[in-house]
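Structure record follows, encoded as structure tokens.
This chain uses plain numbering: 1 for the first residue, then up along the sequence.
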Amino acid sequence: MAQRITLRRRNPYNTKSNQIKVVKTPGGRLIAHHIKKVASRPKCGDCGTPLPGIAQLRPRQYASISKTHKTVSRAYGGSRCANCVKERIIRAFLIEEQKIVKKVLKDQASKDKKN
């Protein structure tokens, strides 16, 4: 005869957060083990690729681990991938260069008007 299994928490509904796995104990009884939800990999905020070197946990679990597991030692370490950081640096550099070129052209134009 099939054995009945009772849920071990107060929530009686078959929701995503209330999934169980039936486990047979050494005493021969069937018991429900509640399964935790699978964590997704942390993603880059710009391109959406998974970030290497960062622990794959549920959001609340990040509070209980050390900082070395949550970041990498680089600017934008825990939120952006290396390629996106590189692009940001190059973009900022090129914008500054563009400003300098504009300023030089403006100075030359003002000199030409004076002469």
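- Between atom CG of residue Leu57 and atom OG of residue Ser40 there is a gap of 10.5 Å, rounded to the nearest 0.5 Å.
- Here Ile20 contributes atom CD1 and Thr6 contributes atom OG1; the two are 9.0 Å apart, rounded to the nearest 0.5 Å.
- Few gaps surround NE2 on His34; more than 12 heavy atoms of other groups in view lie less than 6.0 Å from it.
- When all heavy atoms are compared, the tightest approach of Val72 to Gly53 is CG1-O, 4.3 Å.
- In this view, Gln61 satisfies the side-chain hydrogen bond (donor to acceptor under 3.5 Å, both in side chains) rule with no residue, not counting sequence neighbours.
- Applying the 4.5 Å side-chain rule to ILVMFWY residues, one finds that Ile35 remains a lone member of its cluster.
- Take Glu96 and apply the salt bridge (Lys or Arg N to Asp or Glu O under 4.0 Å) test, not counting sequence neighbours, and it matches Lys99.
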- Task: Dump the intermediate steps for side chain to side chain contact (heavy atoms under 4.5 Å, CB included) on His33 and Val22, then the final yes or no.
- Result: CA-CA 6 Å; His33 279 188; Val22 179; over 6 Å; no
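- Listed by chain and number, the residues in a side-chain hydrogen bond (donor to acceptor under 3.5 Å, both in side chains) with Thr25 amount to none (sequence neighbours excluded).
- The two residues Pro12 and Asn18 make their nearest non-hydrogen contact at C-ND2, 4.3 Å.
- In this structure, Ile95 stands alone, with no Ile, Leu, Val, Met, Phe, Trp or Tyr side-chain heavy atom under 4.5 Å from its own, directly or through other members.
- Annotation: salt bridge (Lys or Arg N to Asp or Glu O under 4.0 Å) contacts involving residues 58-76, sequence neighbours excluded, are absent.
- Qualifying side-chain hydrogen bond (donor to acceptor under 3.5 Å, both in side chains) partners for Asp107, counting only residues two or more places apart in sequence or in other chains: none.
- The other members of the hydrophobic cluster of Leu94, by chain and number, are Ile90, Phe93 (side-chain heavy atoms under 4.5 Å, ILVMFWY only).
- Counting only distance, with no hydrogens or angles, the side chain of Arg41 and the backbone of Leu51 share a donor-acceptor pair below 3.5 Å.
- Going from atom CD1 of Ile31 over to atom CD of Gln3 covers 9.0 Å, rounded to the nearest 0.5 Å.
- Residue pairs meeting the salt bridge (Lys or Arg N to Asp or Glu O under 4.0 Å) criterion with at least one member in residues 81-91, sequence neighbours excluded: Asp46-Arg88.
- Here Thr49 pairs with Cys44, Cys47, Cys81 under the side chain to side chain contact (heavy atoms under 4.5 Å, CB included) rule; sequence neighbours left out.
- Through side-chain heavy atoms spaced under 4.5 Å, either directly or across other Ile, Leu, Val, Met, Phe, Trp or Tyr residues, Val38 is tied to no other residue.
- Counting all heavy atoms, side chain and backbone alike, Pro42 lies closest to Tyr62 at CG-OH, 3.4 Å.
- Pairs engaging residues 13-33 under the salt bridge (Lys or Arg N to Asp or Glu O under 4.0 Å) rule: none recorded [sequence neighbours left out].
- To the nearest 0.5 angstrom, Leu105 atom CG is 6.0 Å from Gln108 atom CD.
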